[in-house]
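Each ligand, and each atom within it, is numbered from 1 in the order the structure gives.
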Amino acid sequence: MTTSKPIPEVVLIEGDGIGPEISEAVLYILEHAGARITWKKASAGLGAFEACGTALPEETIEAIRTTRVALKGPTTTPIGGGFRSINVQLRKELDLYANFRPIKSFPQLKTRYEDVDIVFIRENTEGLYSGLEHEIVPGVVTSLKVSTRVASLRIAEFAFSYAERAGRKKVTAIHKANIMKLSDGLALECYREIANQHPQIEYDERIIDATAMALVLDPSPFDVLVMENLYGDILSDLGAGLIGGLGLAPSGNFGQNCAVFEAVHGSAPDIAGMSVANPSALLLSSLELLEYLGQTNCAKRVSRALQKTFETKEICTADLGGTSGTMDFAKEVCKRLDE
Ligand code: NAI
């Protein structure tokens, strides 16, 4: 007698802005590809805030604690006031300490560089995102950057273990320890300690500002980059620019017990509601999710269909130079699933 594996439950947060549009497209493609997932919809973002006064309801966090895995659309964070970022809250609540952001060229898309293949690994729980801001006196504000040994050691271990598993050659630590001698200095000490435990992986260190320039001039020497929260946020967007834009950059947030997959980009209010957003970044994040669930064949099939869609260039969203809508693009990917 054969017993088929139970269908995993995954929390889906559609988010706001372009979130619902790209989520619809991704679910459509995954359903056509035969992904074995039971979606449990949960709310977060502007809609949740308007409906129940909290942008990240406790039930949503509980749902992810139960399923241990989620796919999340982007959520808007008010600027200069208002509620705290849902992403920062979620990452802290679920201790999703590692943000994994692979940036890889699509040979079918013409960009300045053809062979970018860099993984940005960002510490997700501390640094300047700790939300410890104070007005000392009117006109004087401080924002505390938190750096701990525990967090720096575990993000370094995540980076080196990943590099080993994936057959990568080098881990580069990105820092500004020439100026932030204590906080970034502590992080560097921890990275070096872990590097010594992985002698088969080359290790080097670079200062953040010079790294930004070097990445733009020639991304080829870079392999796996590990860094604190803010540096990872900024440099990975730069990385997305190297391969054609934010519409192509996926990510996964990992903790000991949970994983939340989401695109690198935000809610793109400038194009929200127009059905023109590129769903590829969230789709690529969902492929990371399928791999995580052990549905590798399904992930590979969708990945091939996406590449064929890029190759033919008949249907392409505006960010990649086309005029197609989000769902037209999704339907085209589905058409190519069985080619
Ligand atoms: P953004 O990433 O939303 O947009 C930057 C630019 O990229 C815009 O011109 C947008 O139209 C374009 N873009 C982004 N995704 C695209 C896609 N899939 N297809 C085509 N074009 C795309 O960054 P922005 O405008 O700085 O942030 C908007 C909001 O999103 C803010 O409230 C921010 O806090 C939030 N945000 C949320 C994130 C998340 O939920 N993980 C991540 C980053 C920002």
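- When distances from atom 30 (O) of ligand 1 to the protein are checked, a heavy atom turns up under 4.0 Å.
- Defined by atom type and a distance below 3.5 Å, a donor-acceptor pair is present between the side-chain atoms of Tyr129 and Asp233.
- Across Asn278, Thr76, Thr317, Ile271, heavy-atom proximity to atom 18 (N) of ligand 1 is greatest for Asn278.
- With no hydrogens or angles considered, no side-chain donor-acceptor pair links Gln256 and Asp95 at under 3.5 Å.
- For the residue pair His198/Glu164, the side-chain donor-acceptor check at 3.5 Å is satisfied.
- Cation-pi geometry between Arg101 and Phe120 is not satisfied (NZ or CZ under 6.0 Å from the ring centre, within 45° of the ring normal).
- Within 4.0 Å of atom 26 (O) of ligand 1, not a single protein heavy atom is present.
- Side-chain atoms of Lys92 and Asn124 form no donor-acceptor pair, as typed in the model, at a separation below 3.5 Å.
- Looking at Glu126 and Ser130, their side chains never bring a donor and an acceptor atom within 3.5 Å of each other.
- Here the protein heavy atom with the shortest distance to atom 37 (C) of ligand 1 is Thr75 O, 3.1 Å.
- Checked against a 3.5 angstrom limit, the closest N/O atoms of Arg91 and ligand 1 fall outside it.
- Close approach of ligand 1 to Glu262 is summarised as follows: ligand atoms under 4.0 Å from at least one heavy atom of the residue are 41 (N).
- Of all protein heavy atoms, the one lying nearest to atom 15 (N) of ligand 1 is His265 CG, 3.2 Å.
- A salt bridge does not link Glu133 to Arg84: none of the charged side-chain nitrogens sits closer than 4.0 Å to a carboxylate oxygen.
- For ligand 1 and Pro74, the ligand atoms under 4.0 Å from any heavy atom of the residue are 40 (O).
- For Val264, the heavy-atom gap to ligand 1 drops under 4.0 angstrom.
- Under a 4.0 Å heavy-atom criterion, Leu246 is in contact with ligand 1.
- Between Gly266 and ligand 1, at least one pair of N/O atoms sits closer than 3.5 Å.
- The closest non-hydrogen atom to atom 9 (O) of ligand 1, taken over Asp270, Thr326, Asn253, comes from Asp270.
- Interface of Lys72 with ligand 1, defined as ligand atoms under 4.0 Å from a residue heavy atom, comprises 39 (C), 40 (O), 41 (N).
- For atom 16 (C) of ligand 1, the candidate residues are Asp16, Asp319, Ile18; the nearest heavy-atom contact is made by Ile18.
- Taking every non-hydrogen atom of Pro269 and a distance limit under 4.0 Å, the qualifying atoms of ligand 1 come out as 28 (C).
- With hydrogens left out, the protein atom closest to atom 33 (C) of ligand 1 is Thr77 N, 4.2 Å, a heavy atom.
- With respect to Arg192 and Glu205, a salt bridge is recorded, a charged nitrogen being found less than 4.0 Å from a carboxylate O.
- Ligand 1 lies within reach of Ala277, whose nearest heavy atom is under 4.0 Å from it.
- What you find for Leu246 and His265 is that their closest heavy atoms are O-CD2, 3.5 Å.
- Inclusion of Ala268 in the set of residues having an N or O under 3.5 Å from an N or O of ligand 1 is warranted.
- Asp115 and Ser105 share no donor-acceptor pair across their side chains, judged by distance under 3.5 Å alone.
- No side-chain donor from either of Tyr191 and Asn196 sits under 3.5 Å from a side-chain acceptor of the other.
- Using a 4.0 Å cut-off to heavy atoms of Asn87, the atoms of ligand 1 that qualify are 37 (C), 38 (C), 39 (C), 40 (O), 41 (N).
- Relative to the six-membered ring of Phe222, Arg168 misses at least one condition, a distance below 6.0 Å or an angle of at most 45° to the axis.
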